[in-house]
Amino acid sequence: MKARIPALVSLVTVAAVLSILPFVLGDYNISLAAQVGIFFIAVLGLDILTGYTGQISIGHGAFMAIGGYTTAVMSRDHDTNLVLTMLVAFAICFVVGLVVGLPALRLSGVYLALVTFALAVSVPLLPLKWSSYLGGRDGVQASHEVSNLWLYGVAWAASAILFVLAWLILRGRAGRAFRAVRDSEIAAVASGIELPVYKTLAFGISAAYAGVAGSLFVLANNGFAAPDEFGIVLSLQILIGAAVAGLGSLWGVLAGAAFVGLLPSISSSVPVIGSAHGRDVVFGAAVILVMLLLPGGFASLVAWLRRFGRA
Amino acid sequence: MTALLELDDVEARYGPVHVLHGISLAVEEGSVVTVLGPNGAGKTTTLRAVSGTVRRSGRIRLGGRPIDRLGPDGVARLGVAHVPEGRGTFSELTVWENLRLGAYTRRGSIQPELERVFSYFPWLSERRRQQAGTLSGGEQQMLALARAFVHRPRLLLLDEPSLGLAPVLVAELFRIVRELNEKEGLTVLVVEQNAHLALQAADAGYVLEAGRVALSGTSAELRADDSVRRSYLGD
Amino acid sequence: MAAAATSRLESLRNRGAAFGGAPFVGLILVAVAAGLVVGSLRSATFAQLTVQGLALGAVYGILALALVLVYRATRVINFAQGELAMATTYVAYQLIQWGLSYWEAFFATLAIALVLGTVLELALIRPVLHRSAIAAVIVTVGLFVLIDGIVNWIWGGDFKSMPSPFGTKIYHVGGVSIARLYVGMFVVVIIAVLLVWALFRFTKVGLGMRAAALRPAEAAFVGVRVEWMLAIGWGLAALLGAVAGLMTEPSQFLLEPTLMQPILVYAFAAAVLGGLESPAGAVIGGLAIGVALNLVVQYVPAITSELQTPFAFAVILAVLLIKPTGLFGHREVRRV
């Protein structure tokens, strides 16, 4: 995500398309577009973590749960302004991300994946224990209701803001540190970069992003937050979105978010197999195919096209 | 005597890096042939080309039969044993298991082969259950040789056997190789840094430089050659 | 402050590493076993929970063993291991519907699982492994979703019932009720584990597989078909998973698609506890987790049965912080 003219053109194109869409699409499709926006934020966050510091997380659904519950509870109990709840979710998840990121320093690859997997399965179950405050199995119902248009607008506005934020971070000192860590931890340490600080920071940022996505996710779900809504599949979807996205490309993240946000809904109408299960079959098969054909994700396709264009 | 192994214009590469640029050599059945040359000349790669553990092109024949399309298991099955640089022992497995692996491609009982191996390396028999990684460097090299021999190969490929070994052990090693060659008729192709030792043990040799054959001849011829004496024998 | 925290973690870890000697671990196990025996003698409930815990734990252990097998062979964590086990259990169900007896279906399913696992590795994992480790993991994630969808599509999500191989008989030993089911589960799993162990230890193929997993380059030199060996490793793992699924089903009394999902988490905990590279560790870890879960839920009021999965997570986290290589592991777990 560097500041080159072509990249700027991409940004402007995307922004233009997004502004026009609400006037063109029907309500149902607007809700789908909003969903893509929500996943965009989550995938972007994970992309920063995995792509730039090479730490795998299969637990970002847990951060979404925290963000989502934050919004639901604040709305239920204090009728707080929704955007404000999103900011709070951002902050809370940032801190939680830092807390998780600290022990994560000690773990590499497989082991980190396992821990985050366990996180993804366990955190959503916590409300079952504190059911008086967090609603237990029945969940928490926010007192606000929002329209699909509102969701669309806020989701993509947040996406834009967070994208620019990410761009600024990655361009600056932190970004250079992240890239150094990804390319070679040993070299990074040798050049004096404080590994623990940056790796933990990356975790915090990506968790914060997931938190915001979680807030929107709950709002898109009629304001309902419950353990069943945040199953392991959610974390897997974000991971898949990041893998499909590949690294460091706006179009990649868009493709990843669209893949995860749209494919399940579109494949509901698969003939023969039938709705709910057709979704899983198509989605699972599509994921496998994409990984077999494009292990570097969509970004590698973009990079290949760019090179092709230049030659 | 016919050539057991023939290489004809063989090229080999590691990814984009070409290491062999058209090697042609022949190893007579029942002889010991050595490959000499400076570091990076492609000596190890030549052996790997024969055993199929590197990408190669060109013609390679074993006993008249082309093997250049075969993978390592195919080549092993035809009676080629390759002792790589660094010995290739399985440190985590026992001595016995290492030996057993040597004869992996053989069907049926390997008892007679084991007896024969133990007659050459009696001390191995006592150390069967010992973990191979706990053997000394010299012992591991002997184990590697033993493992190759369990296979009852027609052709033995030896890569830098003297590396990291004390001179006494190296002498012993070459003595055994010569004995295997004379008593069992084992054909040997050995890559060796120590030209002195190699030319003593071998019947003939090839000198490689930058992926090509620079010189060839009987070991007597090579020992008399001026450039060889200067570069490799330190005269 | 971060530095202080990490250095404290470091010292904890160093102490953990110092304690990692096999004799020390053996001592712990003996102490635990003794504790279990004493507790069982004093309380019938304790005894029952321990027996049930051992039976369930055996299942966790065999699934953990499958995970370890796959990891040792291809360095991949197969997130679909549980779903694969579930799917093969459904295959058994279908075979029984078509008229086979339970045990005929059992062994047929094991054979099918062996083939299925091998084919999956060759078709889906092998092509991706070379290019990207993460991509291979994503493929297993995709498999998770795909298998789930396929099973739901073919058989539907409602509960199915399978005949129980062990009946409903309950033994009474000195005031303690022990269901024949739990004895059966334990015995079947242990037999399967022993057979696989024997395969690896005593056969040429097993040796070839170990060599291929340990040192693929050197194995190629002696003529081992490394790619095939790794694929068969996956096949064996799928077979073990099938045993896990077939033994889990009777303990839940009903068959439905989410059968193996919690089991997978416990299996992960067991594999981590035992050490991801240690087959023995996986099995022992499984037994430990099984018993621990049962006893903790009973005797620690704060931890109710809904908190079993978070408890397993806490175990994983604790192990990874104190001794990442697990009770029986050797190799280093983190870079730098």
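Quantities reported herein were computed from a predicted structural model and do not represent experimental measurements. Note on naming: letters A, B, ... go to the chains in the order of the sequence lines (proteins, then strands), and numbering restarts at 1 for each one.
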(request) Determine, step by step, whether C/Leu146 and A/Phe283 satisfy the side chain to side chain contact (heavy atoms under 4.5 Å, CB included) criterion, reporting the C-alpha distance in whole Å, the side-chain angles of both residues, the deciding distance to 0.1 Å, and the verdict. (result) CA-CA 7 Å; C/Leu146 178 65; A/Phe283 188 65; over 6 Å; no
(message) So which atom in C/Ile150 and which in A/Val281 form the shortest heavy-atom distance, rounded to 0.1 Å?
(response) N-CG2, 3.6 Å
(request) Using the side chain to side chain contact (heavy atoms under 4.5 Å, CB included) rule, pick out the option among A/Val290, A/Ile288, A/Val287 that qualifies with C/Ile138. (result) A/Val287
(request) Give every residue pair that meets the side chain to side chain donor-acceptor pair (under 3.5 Å) criterion with at least one member in residues 227-243 of chain A, sequence neighbours excluded. (result) A/Asn221-A/Glu229
(message) Report which part of A/Ile56 has an atom under 4.5 Å of a heavy atom belonging to chain C: side chain, backbone, both, or neither.
(response) side chain
(request) Let me know if C/Leu264 has heavy atoms under 4.5 Å from chain A in its side chain, its backbone, both or neither. (result) side chain
(message) Using 30° and 60° as the class boundaries, would you call the ring planes of A/Phe117 and C/Phe79 parallel, tilted or perpendicular?
(response) tilted
(message) If we define contacts as heavy-atom pairs under 4.5 Å, which of C/Leu143, C/Leu276, C/Val265, C/Ile154 has the most with chain A?
(response) C/Leu276
(message) For a quick test of reading the model, state the closest non-hydrogen atom pair linking A/Met291 to C/Val128 and the distance between them.
(response) O-CG1, 4.0 Å
(message) Counting heavy-atom pairs closer than 4.5 Å to chain A, which one of C/Leu124, C/Val272, C/Asp148 comes out on top?
(response) C/Leu124
(message) Does any backbone or side-chain atom of C/Phe311 lie under 4.5 Å from a heavy atom of chain A? Answer side chain, backbone, both or neither.
(response) neither
(message) Under a 4.5 Å cutoff for heavy-atom pairs, which residue among A/Leu98, A/Leu119, A/Leu112, A/Ile240 has the most contacts with chain C?
(response) A/Leu119
